[in-house]
Amino acid sequence: MSSLQPVRGTHDLMFEDIRRHRHIEATAFEVAARYGYAEIATPVFEFTEVFSRTLGDTSDVVTKEMYTFDTKGGESITLRPEGTAGVARAFISGGLAQQTPLKFFYRGAMFRHERPQKGRQRQFHQVGVELLGVESPQADVEVIALAAHILSSLDLNGEITLEINSLGDVESRAAYREALISHFAPHKNYLSAENQERLGKNPLRILDSKTEIVDEKLLIKTAPKFEAYLNEASRNFFKAVQDGLAALDIKFKVNPALVRGLDYYCHTAFEFTTGVLGAQSTVLAGGRYDGLIKQMGGPPTSGIGWAAGVERLALMMREIAPAQRPIAIIPVSPAEETVAAALTHALRQAGLTVDIGYSGNMGKRMKRADKIKAAAAVILGGDEVRDGTATLRNLDSGEQVNVKQADLARQLTAWGLCPPSGA
RNA sequence: GCGGGUGUAGCUCAGUUGGUCAGAGCAUCUGGUUGUGGUCCAGAGGGUCGUGGGUUCGAGCCCCAUCACUCGCCCCA
C-alpha cells in the first residue's frame, strides 16, 4: 500500500467537484434560510455515547461503522456518522428547550466505515435540517416541502420521487410490532438468517428487505399492514401530512415498506429516491423523532428533520462553470512587469477578477489567457507604459482598443465583460 | 462484512493463443510566429504495464497475495 494514496473511501475535492459541493450547500442553505432555518455547526466528533445512545445497538451504523477511538485523556470519542445526534446534543447542552420552536440547517462531513461504492464513501458530506419543538403535522409538511424545494432548485439530472409512510405513535407501533412477530414467528424457517435476526430486534425492517426467495417474498407480502394498526390519532396525523402535501402540490407515494428501525422514530418517515444512482438510490431521507431528545436525557421535545447526501446529489448535477472569467494582464517584456503588477493590483482592488502569469513571452501568455478562459487581455508594452495606456483585447470577439489605464474598467463594462464591482 | 468485475502515459483507452506489445487519441512542452491566443503543421518529453511474490528460457498477458476503484448484497444520505 502506498502511503501517498488517500485513505480508502476518502476523496480530494477540487475543480468541478468542489464547485458542485459548494453549489449544493449554498443552494440548500439559501432555500432553508427562506423557510426560517438558521445554520448550526456542531463538532465533527462527540463523546461516543452521543451516538451509541441515540442510534441504538441494533443499528449497523453503531455496531460496525463508527470511527471510534480513545483520546489521550481516556475518553471515547466518535467521528459523527450523521448530523441529528449532534444537533440534539447541542439542544440539550445549550438549554434551548426554552426557545422552541427551533429550526436548524447544517452541512458538513460525516464518517462511516462502510464498504465504498459510487455515492457511498467513508468520509462524505450531508446537508440537513432539524425542526425542534413542533408537534403539529404542519412541521412535517414544511420540512418535506423544504426538501422538495431544494431538490428542484438544484436542477438535477434524473427523476426523483418522494415516498412517505407513517410509523404511528408508540402505542400503534407496539401493536404492529406484535402483529408482525406473530405473523412471521411461526414461519421463521422461511426467513433468511438476516431476517430471522431482525425478527428479534427490528421486525419492521423485514418489510423492506430485498429477497429473491419466493416463500420469503410471499411471507412478506402477506404480512399485516401497518395501516390497520394505526390508532385514530396516528391515522389523523398521517392524513394531515398527506393533505398538507397535496395542498402544496407536492407529489408523493405512500410506501408501506418504508420503515425506520429505531424506537424514537414515529409518525412520518420519508425518502426522496432516484433510479440513476444504482444501489445508492436514496438522495434525501428523514422523519419524525419525537422520542429522541428525551431518550438522550433532555426534556421531552418533538423533532423532525432530514439529511441529504451531497456526493449523491453532485453525481446527479449538470456541470457548474467557474463563477467568473478573469481578465489577463500581459506584460510584453520584463521591462513592463512592475507596471503590470501595479495595474493588476489596482484592478483587483476595483473588484475585478484578474490573472497574471509569471513567465513566458507574450505568445505564451496569450495562450495561457486563452486556456484559463479569460474574457479579455490587457496588453502592456513599452508604448503603453510610456503613454499611461493599455491595449485591451476582447478575447471572444478579437476586438482590440487602446485606452487609458484608468478607463479599462469602463471599456470592459462597455463590452459587457466587467461585472459590477463590489465597491 | 459477503459475492462478482476492473486496474497499461496527466486523461480516455488499444494491446490477438505468454515470444520487437510498451502503443493511440487528447493533454503537456518546443518550434513554425522574439508585441497577439483559440485553428493548422512539424517535433519532443512522459509508463518500475496498481503493488509484492510465483510459474516460465521468456509475463502487460498465467497463478497467489495485497491495495484501490467499481457492480450487487448489507446498510444507509
Side-chain angles (χ1 to χ4, degrees), chain A residues 1-11 24 55 58-65 81-84 107-122 124-128 147 151 192-195 197-198 202 205 208-212 258-262 270-274 277-287 305-316 328 330-336 357 360-385 390-398 400 402:
Chain A
M1 167 176 73
S2 165
S3 59
L4 292 182
Q5 282 185 323
V7 173
R8 174 140 130 119
T10 67
H11 255 101
I24 290 163
L55 297 173
T58 60
S59 153
D60 273 10
V61 170
V62 170
T63 52
K64 42 196 179 199
E65 294 176 1
E82 54 96 34
T84 303
R107 60 179 125 197
M110 309 291 163
F111 307 84
R112 253 121 94 157
H113 192 102
E114 300 179 279
R115 179 137 174 187
Q117 240 171 75
K118 187 166 63 165
R120 186 167 91 178
Q121 285 152 321
R122 289 184 173 179
F124 63 104
H125 299 80
Q126 289 186 333
V127 293
L151 293 175
S192 66
E194 277 151 2
N195 276 336
E197 197 178 326
R198 282 167 170 162
N202 237 323
R205 292 232 63 122
D208 69 346
S209 59
K210 306 171 197 172
T211 177
E212 289 304 320
L258 202 172
V259 297
R260 293 283 127 88
L262 308 181
F270 58 94
E271 287 185 11
F272 288 83
T273 59
T274 178
L277 294 179
Q280 272 62 275
S281 59
T282 302
V283 118
L284 183 154
W306 52 255
V310 176
E311 278 80 2
R312 291 181 186 181
L313 292 171
L315 286 168
M316 297 182 69
I330 299 184
V332 170
S333 75
E336 291 85 36
N361 60 24
M362 186 179 177
K364 289 218 186 80
R365 287 172 187 258
M366 287 296 287
K367 273 186 184 156
R368 174 183 160 81
D370 190 64
K371 193 156 50 186
I372 63 174
K373 296 187 166 59
V378 173
I379 298 160
L380 287 172
D383 297 346
E384 285 89 345
V385 167
T391 296
L392 182 62
R393 181 177 178 85
N394 183 324
L395 291 174
D396 289 337
S397 65
Q400 189 163 307
N402 185 265

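Below, read A as the first sequence line, B as the second, and so on, with proteins coming before strands; counting in each chain starts at 1.
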Protein-nucleotide distance (A:Arg122, atom CZ; B:U70, atom P), rounded to Å: 12 Å
Approximate separation, where rounding is to 0.5 Å, of A:Trp306 CH2 and A:Thr84 OG1: 11.0 Å
Where A:Ala314 and A:Ile24 come nearest, the two heavy atoms and their spacing: N-CD1, 3.5 Å
Between B:C2 (C1') and A:His113 (NE2): distance, integer Å: 14 Å
Gap in Å between the two C1' atoms, one belonging to B:G50 and one to B:C67, rounded: 7 Å
Span that lies between the C1' atom of B:U33 and that of B:U6, in whole angstrom: 46 Å
Watson-Crick or G-U wobble partner of B:G52, both distances under 3.5 Å: B:C64
Sugar-phosphate, base or nothing in reach of A:Gly9, heavy atoms under 4.0 Å: sugar-phosphate
Donor-acceptor pair under 3.5 Å, A:Arg115 side chain vs B:C73 base: no
For B:U39, the Watson-Crick or wobble partner whose two distances fall under 3.5 Å: none
Separation between CG of A:Leu392 and CD of A:Glu384, rounded to the nearest 0.5 Å: 11.0 Å
Inter-residue atom distance A:Arg260.CZ - A:Arg205.CZ, 0.5 Å rounding: 7.5 Å
C1' spacing across the pair B:U70 / B:U36, given as an integer number of angstrom: 47 Å
Touch class at under 4.0 angstrom, heavy-atom based, for A:Glu336 against every strand present: nothing
Protein-nucleotide distance (A:Gln280, atom CD; B:C69, atom P), rounded to Å: 13 Å
Gap in Å between the two P atoms, one belonging to B:C57 and one to B:G45, rounded: 36 Å
Spatial distance of atom NE2 (A:His11) from atom CD (A:Gln121) [nearest 0.5 Å]: 5.5 Å
Spacing between A:His11 atom NE2 and B:A77 atom C1', to the nearest angstrom: 17 Å
Assigned partner base of B:C74, Watson-Crick or wobble definition, under 3.5 Å: none
Sugar-phosphate, base or nothing in reach of A:Ala307, heavy atoms under 4.0 Å: sugar-phosphate
Inter-nucleotide P distance (B:A77, B:C2), Å rounded: 23 Å
Spacing of CZ belonging to A:Arg312 relative to NE2 belonging to A:His125, to within rounding of 0.5 Å: 14.5 Å
Pairing partner (Watson-Crick or G-U wobble, both distances under 3.5 angstrom) of B:U16: none
5′-ward residue of the pair A:Val310/A:Lys118 relative to RNA chain B: A:Lys118
Nearest-angstrom distance from the residue atom CD of A:Glu65 to C1' of B:C73: 14 Å
Contact pattern, 5' to 3', of nucleotides 33-45 of chain B - B, S or - by protein heavy atom under 4.0 Å: --BBBB-------
Rounded interatomic separation in angstrom, taking CZ from A:Arg8 and P from B:G7: 18 Å
Distance, C1' atom - from B:C73 to B:U12, rounded to whole angstrom: 31 Å
Any strand: nucleotide that pairs with B:C69 via Watson-Crick or wobble, under 3.5 Å: B:G5
Interatomic spacing from CD in A:Glu82 to CE in A:Met110 - rounded to 0.5 Å: 7.5 Å
B:G1 versus B:U66 - spacing of their P atoms, nearest Å: 12 Å
Pair partner, B:G25 [Watson-Crick or wobble, under 3.5 Å]: B:C11
Distance, C1' atom - from B:C71 to B:G53, rounded to whole angstrom: 29 Å
Protein-nucleotide distance (A:Lys364, atom NZ; B:U28, atom P), rounded to Å: 13 Å
Separation of B:A77 C1' from A:Gln117 CD (nearest whole Å): 14 Å
